[in-house]
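Contents: one structure, followed by commentary.
Note on naming: letters A, B, ... go to the chains in the order of the sequence lines (proteins, then strands), and numbering restarts at 1 for each one. Since the structure is predicted, the reported quantities are computational estimates derived from the model, not experimental observations.
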2 protein chains.
Amino acid sequence: MSLRHALLGLLVDHPASGYDLLKAFDTSLANVWPATQSQIYGELTKLADNGLIVVSEQGPRGRKEYTLTDTGLAELRRWLTQTEPQRTTRSDVLLRVFFLGVLTPQQARDYLAGQAAHAAELHANLKALDAAIDWDDDNLSVYGRIALEYGQRFAAMQQEWAEWARTQVRNA
Amino acid sequence: MSLRHALLGLLVDHPASGYDLLKAFDTSLANVWPATQSQIYGELTKLADNGLIVVSEQGPRGRKEYTLTDTGLAELRRWLTQTEPQRTTRSDVLLRVFFLGVLTPQQARDYLAGQAAHAAELHANLKALDAAIDWDDDNLSVYGRIALEYGQRFAAMQQEWAEWARTQVRNA
DNA sequence: TCTAGCATGTAAACAGTTACATGATTGC
DNA sequence: GCAATCATGTAACTGTTTACATGCTAGA
């Protein structure tokens with residue numbers, strides 16, 4: 001269960017409330033590990049119950065600020081070094097490719113063209129984001145840039161693939 | 001819910017039993033849309049209840065062979081042409097990158113080197129698979145090849161990224 | 001005869017999504 | 001005063017995984 005560790009990771013160095021974390025998920029982690037409000041609040045309660053985080057401050061409107069405990073940090077490190085990342089992924093986009101044979105060649109090409117366009121747009125957005133951020137050389141910047149670079153390479157790869165794939169579909 | 005449509009897609013042209021479909025998931029669809037035995041049998045029952053497939057033949061050992069109905073084929077086409085693929089993905093590998101700052105630079109480089117090695121191995125396997133298959137020019141081959149090409153490009157991209165990323169991690 | 005593989009089904013637990021529900025505070 | 005945003009929580013549902021449970025059949 002990576003959600004638990006994503007929360008621990010976000011709490012390193014700066015305490016935050018559920019609401020703060022929700023925003024972090026919706027921005028920086030949106031394309032890596034999306035999570036809903038429901039999930040986040042529930043998981044924070046469990047993490048606090050297990051002593052991996054503590055409520056360090058209570059603010060207005062029932063705000064609860066959580067801080068990572070030593071146990072929590074140790075667990076984060078254990079997860080990073082002692083466990084293998086899960087690699088089971090599902091791709092709806094690719095699944096559909098397997099079944100394009102039931103459509104006309106024109107429809108199949110349209111589908112692939114749509115995917116190429118989508119990837120191109122994503123690539124442009126990520127490139128713009130990269131340019132807009134003022135990267136320095138602290139940890140957050142180094143690893144944030146590495147992750148963003150992944151996104152850009154991935155989007156470029158998808159675009160090139162979809163454009164190539166389109167040329168492979170011949171009329172029956 | 002794509003599992004439903006994956007089953008419909010696999011039943012195009014050739015009737016199959018739950019057991020046959022399970023094997024198809026474990027081989028060709030393993031990296032695209034993994035599914036368990038439990039899920040498959042349950043979903044087949046629902047699809048039959050809804051008239052998208054029918055039990056066309058009963059064999060030994062309680063074997064039930066399912067055939068796609070016209071309604072089922074129509075639904076598959078509707079899914080392909082009228083609905084947008086879901087693009088919410090989760091990447092445990094990438095999530096960990098965000099938090100490599102809590103490790104030593106050496107540990108972070110080790111992690112990235114491990115990912116590079118893993119991607120390289122996957123790439124080699126997919127390349128070998130590609131070479132081993134006797135592709136002809138029917139629909140299955142065309143779209144199967146396109147999907148496999150995606151896998152190869154993706155694995156190559158991941159390897160190159162991880163190797164590059166490793167060089168970005170400097171000692172603090 | 002016995003083993004491997006064929007063949008299906010169900011129950012419980014876990015993860016994730018959607019929807020509902022409520023209320024406080026800040027700034028205009 | 002009102003709207004936007006801050007802030008949390010719960011319930012119901014869907015999808016996925018793991019484990020249990022059972023039995024038949026073909027071939028060595």
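Between A:Thr88 and A:Gln86, the side chains place a donor N or O and an acceptor N or O closer than 3.5 Å (distance only, hydrogens not considered). Counting only N and O atoms by type, the side chains of B:Arg87 and A:Gln115 include a donor and acceptor under 3.5 Å apart.
B:Arg4 places its CZ atom 15 Å from the C1' atom of D:dT16, with the value rounded to the nearest Å. Rounded to whole Å, atom C1' of D:dG9 lies 12 Å from atom CG of A:Leu44. Separating the CZ atom of B:Phe25 from the P atom of D:dT17 is a distance of 11 Å, rounded to the nearest angstrom. Atom CG in A:Asp92 sits about 11 Å away from atom P in D:dT16, given to the nearest Å. Following rounding to the nearest Å, B:His5 (NE2) and D:dT14 (P) show an atom-to-atom distance of 15 Å. Going from atom CD of A:Glu65 over to atom C1' of D:dA7 covers 13 Å, rounded to whole Å. Atom-to-atom, CD of A:Gln39 to P of D:dC13 comes out at 19 Å; the value is rounded to the nearest Å. The interatomic distance linking B:Ile40 (CD1) with D:dG15 (P) rounds to 15 Å, in whole Å.
The nucleotide whose nearest atom lies closest to any side-chain atom of A:Met1 is, among D:dA7, C:dA15, C:dC6, C:dA15. Among the nucleotides C:dG16, C:dT8, D:dA7, the one closest to the side chain of B:Tyr41 is C:dT8. Set against D:dT17, D:dT18, D:dA7, the side chain of B:Ser38 has D:dT18 as its closest nucleotide. Of the candidate nucleotides D:dT10, D:dG23, D:dC6, D:dC6 has the atom lying nearest to any side-chain atom of A:Arg61. The side chain of A:Arg63 has D:dT8 as its nearest neighbour among D:dT16, D:dT8, C:dG9.
In the hydrophobic cluster analysis, where Ile, Leu, Val, Met, Phe, Trp and Tyr join through side-chain heavy atoms closer than 4.5 angstrom, B:Leu148 is grouped apart from A:Leu100.
Each of B:Thr45 and A:Trp33 was assigned the nucleotide of DNA chain C with the nearest heavy atom; the assignment lying further toward the 5' end belongs to B:Thr45. Each of B:Gly62 and B:Arg90 lies near DNA chain C, and the nucleotide nearest B:Gly62 is the one positioned closer to the 5' end.
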Decide salt bridge (charged side-chain N to carboxylate O under 4.0 Å, His left out) for B:Glu75 and B:Arg78; before the verdict, give the C-alpha distance in whole Å, the side-chain angles of both, and the deciding distance to 0.1 Å. CA-CA 5 Å; B:Glu75 169 55 23; B:Arg78 190 199 61 80; 2.9 Å; yes
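Heavy-atom minimum distance, B:Ala147 versus A:Leu94: CA-CD1, 4.1 Å.
A:Ile146 CD1 to B:Phe98 CZ: the interatomic distance, rounded to the nearest 0.5 Å, is 10.5 Å. Taking CE of A:Met157 as the start and CD of B:Glu160 as the end, the distance is 11.5 Å to the nearest 0.5 Å.
Under 4.0 angstrom from either OP1 or OP2 of C:dG9 there lies at least one side-chain N or O belonging to B:Lys64. Between B:Gln37 and C:dG9 there is no side-chain polar atom (N or O) within less than 4.0 angstrom of OP1 or OP2.
With the end axes of the helix from C:dT1-D:dA28 to C:dC28-D:dG1 each set by five pairs, the angle from one to the other reads 20° at 10° resolution.
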